[in-house]
2 protein chains.
Amino acid sequence: MVMSPGAIARYAGAVMSRWKPDADGRLIEAALVLFDRQGYEDTTVADLAASAGLTRRTFFRYFSDKREVLFSGAGELERLWVNAVTGAPKGCGAMVAMEAGFAAVAEVFTERHSFAKIRARIIAANPELQERELIKLEKLASSVAAALEERGIEAGRAALAAYTGVQIFHLAFARWIAQDDPGGLLPLMHESLEELREVLTS
Amino acid sequence: MVMSPGAIARYAGAVMSRWKPDADGRLIEAALVLFDRQGYEDTTVADLAASAGLTRRTFFRYFSDKREVLFSGAGELERLWVNAVTGAPKGCGAMVAMEAGFAAVAEVFTERHSFAKIRARIIAANPELQERELIKLEKLASSVAAALEERGIEAGRAALAAYTGVQIFHLAFARWIAQDDPGGLLPLMHESLEELREVLTS
DNA sequence: ATCCCGGATGTCACTTGGTGCCATCACCCT
DNA sequence: AGGGTGATGGCACCAAGTGACATCCGGGAT
């Protein structure tokens with residue numbers, strides 16, 4: 001299981017507090033287990049909260065809604081990608097800067113292949129969750145586009161590069177989930193991008 | 001206002017029935033007006049139903065949920081695009097077949113510019129509606145990909161062409177909404193696609 | 001030691017979206 | 001005349017969110 005920021009902080013020598021530590025992490029863990037076992041629809045927020053030793057009201061203090069418990073990692077992903085784009089070698093083109101994000105993202109996912117598989121299975125089984133996933137990708141693309149603009153790339157080209165890059169990531173991620181090699185995400189992204197270049201120019 | 005299928009059928013010589021005709025059309029109309037005037041969140045389904053002379057329960061017989069009342073056209077859009085792809089000249093490449101869809105889609109939207117503007121304003125103001133829009137585009141892309149496969153195009157290339165085409169449509173549509181020329185959608189789509197080719201190969 | 005403050009949690013009431021079930025009631029067909 | 005049909009209304013109910021307030025313990029200030 002991936003540790004939440006809170007979990008790490010408390011693990012690192014914090015004193016025993018009044019409440020069991022890592023409430024958000026426990027909620028995420030409960031969600032993964034229960035959603036996968038009995039389905040998203042058939043799991044109530046009260047179920048999740050009880051499984052984590054909390055109440056409904058407290059769940060909504062950590063996550064703005066029931067779907068969000070599966071998407072807490074989206075912010076981190078966005079930060080990673082944006083930083084990679086921002087830190088790409090000065091003067092390189094839009095797509096090259098974009099691809100710097102590929103590497104950063106692929107690396108962080110290699111240790112989470114089995115986690116990602118379960119999560120993907122849950123999401124694939126429910127349209128509400130797919131909607132949330134799509135809007136997270138949209139947000140990601142728009143942030144990456146902003147990072148490209150920051151590098152002096154014209155807005156239109158930045159948007160095209162960013163949205164296409166995220167689209168490629170999405171597709172490659174789906175292929176990566178469907179296979180068994182946890183390290184194969186980066187090559188899949190590059191292959192997909194090459195394939196797109198081919199399709200567009202043929 | 002765009003007439004719903006029911007409205008057209010009844011308009012074409014149907015006899016007076018027990019109920020006021022075009023219930024779904026009235027609900028859509030009410031949604032456009034009320035969502036725009038007082039916001040999506042601050043409009044209840046009961047408000048919409050009352051405005052159309054119906055009850056909450058009846059609303060949910062026409063639309064599976066509150067968001068869906070703004071997306072009844074998605075099916076028609078998908079049919080149009082898929083038919084265009086299927087009917088494209090035999091033997092032409094993936095992207096050329098895709099672009100046949102561009103023309104079909106652009107044409108149907110030229111008469112709905114002001115409608116589309118209002119609708120876009122409503123959607124832009126609410127994340128729930130943006131999510132629904134994104135999943136409709138996803139569904140559109142996947143159907144177009146299937147239509148491309150039907151033409152003998154390999155699955156991977158079909159997916160890339162379809163998702164990219166829909167992405168381009170999405171971007172061009174946003175630009176079209178932001179301007180005043182109701183006929184300019186098709187050129188915008190082609191320009192955006194050309195721009196993408198340039199970004200990808202530079 | 002006492003007091004107070006702050007922050008994480010619990011409790012409760014309430015609105016709204018969404019659904020299942022049954023009643024109604026005009027129209028149509030035989 | 002009578003029965004079927006289909007769109008609608010009414011009602012009860014569950015689950016997702018939300019706002020307001022109470023609680024309760026640890027830590028710091030006096």
Side-chain angles (χ1 to χ4, degrees), chain A residues 4-7 9-10 13-28 30-31 34-35 38-72 122 126-132 135, chain B residues 4-7 9-10 13-28 30-31 34-35 38-72 122 126-132 135:
Chain A
S4 69
R10 291 197 195 81
V15 293
M16 212 26 136
S17 134
R18 178 150 49 133
W19 298 282
K20 280 193 293 181
D22 194 26
D24 53 349
R26 271 148 47 212
L27 286 169
I28 293 173
L34 294 183
F35 288 169
Q38 64 192 47
Y40 172 81
E41 297 259 1
D42 292 337
T43 306
T44 69
V45 172
D47 291 340
L48 297 182
S51 168
L54 298 167
T55 59
R56 269 182 80 248
R57 194 62 184 86
T58 300
F59 176 93
F60 289 110
R61 289 198 178 97
Y62 285 98
F63 304 101
S64 58
D65 60 46
K66 185 182 171 188
R67 304 154 213 59
E68 201 64 17
V69 69
L70 286 179
F71 295 90
S72 63
I122 294 170
N126 187 281
E128 284 185 48
L129 295 172
Q130 291 163 41
E131 292 185 343
R132 181 57 50 88
I135 208 173
Chain B
S4 69
R10 290 195 196 85
V15 292
M16 212 27 135
S17 138
R18 177 149 48 132
W19 300 281
K20 280 194 293 182
D22 194 27
D24 51 349
R26 272 149 45 212
L27 287 169
I28 294 173
L34 295 183
F35 288 169
Q38 63 190 49
Y40 173 81
E41 297 259 0
D42 292 337
T43 306
T44 68
V45 172
D47 290 339
L48 297 182
S51 168
L54 298 167
T55 59
R56 267 180 84 245
R57 193 65 186 84
T58 301
F59 176 93
F60 288 109
R61 288 198 179 96
Y62 284 98
F63 304 101
S64 58
D65 60 45
K66 185 183 171 188
R67 306 156 209 70
E68 201 64 17
V69 69
L70 285 179
F71 295 89
S72 62
I122 294 171
N126 188 280
E128 283 186 48
L129 295 172
Q130 291 163 40
E131 292 185 342
R132 181 56 51 88
I135 207 172

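Given the structure is predicted, the values throughout are model-derived calculations rather than measurements.
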Rounded to the nearest angstrom, tell me the gap between atom [atom1] in [X] and atom [atom2] in [N].
| X | N | atom1 | atom2 | result |
| --- | --- | --- | --- | --- |
| B:Leu129 | C:dG17 | CG | P | 12 Å |
| B:Leu34 | C:dT16 | CG | C1' | 16 Å |
| A:Lys20 | D:dC25 | NZ | C1' | 17 Å |
| B:Glu128 | C:dG17 | CD | P | 9 Å |
| B:Trp19 | C:dT24 | CH2 | P | 15 Å |
| A:Leu48 | D:dA16 | CG | P | 9 Å |
| B:Arg26 | D:dA7 | CZ | P | 14 Å |
| A:Asp65 | D:dA15 | CG | C1' | 13 Å |

Indicate whether OP1 or OP2 belonging to [N] is found under 4.0 Å from a side-chain N or O atom of [X].
| X | N | answer |
| --- | --- | --- |
| B:Tyr62 | D:dA7 | no |
| B:Thr55 | D:dT8 | no |
| B:Thr58 | D:dG9 | yes |
| B:Arg57 | D:dC13 | no |

Find the distance between NZ (A:Lys66) and CZ (A:Arg56) and round it off to the nearest 0.5 Å.
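The distance works out to 11.0 Å.
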Distance from A:Ile28 atom CD1 to A:Leu48 atom CG, nearest 0.5 Å?
11.0 Å
Tell me whether [X] contacts the main-chain N or O of [Y] through its side chain, where contact means a donor paired with an acceptor under 3.5 Å.
| X | Y | value |
| --- | --- | --- |
| B:Arg26 | B:Leu54 | no |
| A:Thr43 | A:Gly39 | yes |
| A:Arg67 | A:Glu131 | no |

Please state whether the base of D:dG9 and the side chain of B:Arg61 form at least one donor-acceptor pair under 3.5 Å?
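Answer is yes: a donor-acceptor pair is held.
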Per atom distances to the A:Arg18 side chain, the nearest of C:dC25, D:dT8, D:dC24 is D:dC24
Nearest to the A:Arg56 side chain among D:dT8, C:dG17, D:dA16, which nucleotide is it?
D:dA16
